Amino acid sequence: MDDRQNLRSQEALTLAADAAALLLASGAETSRAQETAEILFRSFGTGELQAYVLTNGVIAVPLEHSLPGGVRNVPNSSVNLMRVAAVNELSRQAAAGRVSLAQARCRLDEIKHLPELEDWKQMLACGIGCACSGVMFGGGAWEALAASIAGMCVQALLLWLARTGINRIFSRLAGAALVVSVITLVGLVLPGLNQNPPTIGALMPLTPGVALTMSIRDFISGDYLSGTIRLIDALLTAGCIACGVGLALMVWAFVLGGGAR
């Protein structure tokens, strides 16, 4: 009986650690990942779990069993709210006793393999969002069009760089430089174009809004280490965007003889 209970506890521990790691990889805050791991482990009658979650890792240790702790490394993360919502729903169902441990394991595996949106849909959504941002920052119809073109181009670049394994620092720097380049080229075709609104609008997908928001939430919840890490990430990303914009402006100013704005 003890062996069966230990096996069940080990399976629950693996499930809890995997769920917390998936939440982190999908852009959830550390407090949500920690709470979800503890709820899942407790829901299957396996006792209490002590989970310690950072922005790039999970350490989960059962308090009432002599089992090795579960450790998960999360080197990279991206925002995928569908997965976050699905894991949250799974934890609620487990807490209510509506799913068994085996069913929860299968459901978590399904969540891991939820398909991403097609590339063209992501590019289209980015283009529409950038166009709206361009108008919001004072642009007109032509500025919205320029921002939309730049937004779709930068999203295509980010998708390609993500598949090649390029780190986030370089991808943000390259993306910012591409935005300036595309807007400058559109400005050559449309000499009366005000380049500031579309440039700012097309840079919006690169801005570290999620990292900054999560940093504030971590600080509020008392997790100062994770909050500091996310804040540094946000500042570093913002610095990369500024460097990319500055370098591209310098290059185009040299090429056009001071014509780039």
Side-chain angles (χ1 to χ4, degrees), residues 9-10 12-43 46-92 94-95 108 111-112 158 161-162 165-173 175-176 204-243:
S9 299
Q10 186 63 58
L13 175 62
T14 301
L15 175 71
D18 288 346
L22 182 58
L23 284 174
L24 284 182
S26 303
E29 62 272 26
T30 56
S31 59
R32 183 188 299 270
Q34 176 177 334
E35 183 181 8
T36 298
E38 294 172 352
I39 289 175
L40 284 173
F41 189 80
R42 188 189 314 120
S43 298
T46 48
E48 294 295 327
L49 179 74
Q50 182 65 54
Y52 182 63
V53 180
L54 294 172
T55 55
N56 58 351
V58 178
I59 302 175
V61 180
L63 299 181
E64 301 173 13
H65 303 277
S66 57
L67 297 174
V71 180
R72 299 292 184 274
N73 180 36
V74 187
N76 299 307
S77 62
S78 59
V79 179
N80 191 320
L81 297 182
M82 289 191 300
R83 289 178 182 169
V84 174
V87 175
N88 288 339
E89 179 61 25
L90 175 62
S91 68
R92 285 191 288 267
L108 186 64
I111 295 172
K112 286 182 180 179
L158 293 178
L161 290 177
I166 300 297
N167 64 64
R168 189 185 308 176
I169 292 177
F170 178 79
S171 65
R172 278 3 182 217
L173 192 151
M204 286 296 104
L206 301 174
T207 55
V210 174
L212 185 59
T213 302
M214 294 303 177
S215 172
I216 295 173
R217 293 194 63 171
D218 287 337
F219 280 127
I220 293 175
S221 63
D223 191 350
Y224 300 113
L225 180 57
S226 295
T228 302
I229 293 173
R230 291 188 189 273
L231 180 60
I232 293 174
D233 178 56
L235 295 176
L236 185 59
T237 302
C240 291
I241 295 173
C243 289

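Note that the coordinates shown come from a computational prediction; the quantities given were computed from them, not determined experimentally.
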Distance, nearest 0.5 Å, that separates [atom1] of [X] from [atom2] of [Y]:
X	Y	atom1	atom2	result
Arg32	Ile39	CZ	CD1	10.5 Å
Leu108	Arg83	CG	CZ	10.5 Å
Asp233	Met214	CG	CE	12.0 Å
Leu54	Asp223	CG	CG	7.0 Å
Ile166	Ser171	CD1	OG	8.5 Å
Asp218	Ser31	CG	OG	6.0 Å

Inset, instruction - Please determine if Glu89 and Arg92 form a salt bridge, counting it only when a charged side-chain N lies under 4.0 Å from a carboxylate O. - result: yes

Smallest separation among heavy atoms of [X] and [Y], with atom names:
X	Y	result
Pro62	Leu13	CD-CD2, 4.0 Å
Val210	Gly27	CG1-O, 4.5 Å
Ala51	Ala37	CB-CB, 4.3 Å
Phe219	Thr228	CZ-N, 3.6 Å
Ser91	Leu40	CA-CD2, 3.8 Å
Gly227	Ser215	O-OG, 2.8 Å

Any heavy-atom pair between the side chains of [Y] and [X] that's under 4.5 Å?
X	Y	answer
Leu23	Glu29	no
Arg230	Thr30	yes
Arg168	Leu236	no
Phe41	Leu15	no
Asn56	Leu24	no
Ile229	Leu225	yes
Glu48	Glu38	no
Leu212	Leu231	yes

Inset, instruction - Might you confirm whether atom CD of Glu35 has over 12 heavy atoms from other residues, nucleotides or ligands at distances under 6.0 Å? - result: no

Legend entry - Evaluation steps, side chain to side chain contact (heavy atoms under 4.5 Å, CB included), between Val87 and Lys112: CA-CA 9 Å; Val87 175; Lys112 286 182 180 179; over 6 Å; no

Inset, instruction - Output yes when a side-chain donor or acceptor of Thr36 lies under 3.5 Å from a complementary backbone atom of Ala33, and no otherwise. - result: no

Legend entry - From CA spacing to verdict: side chain to side chain contact (heavy atoms under 4.5 Å, CB included), Arg42, Leu49: CA-CA 7 Å; Arg42 188 189 314 120; Leu49 179 74; over 6 Å; no

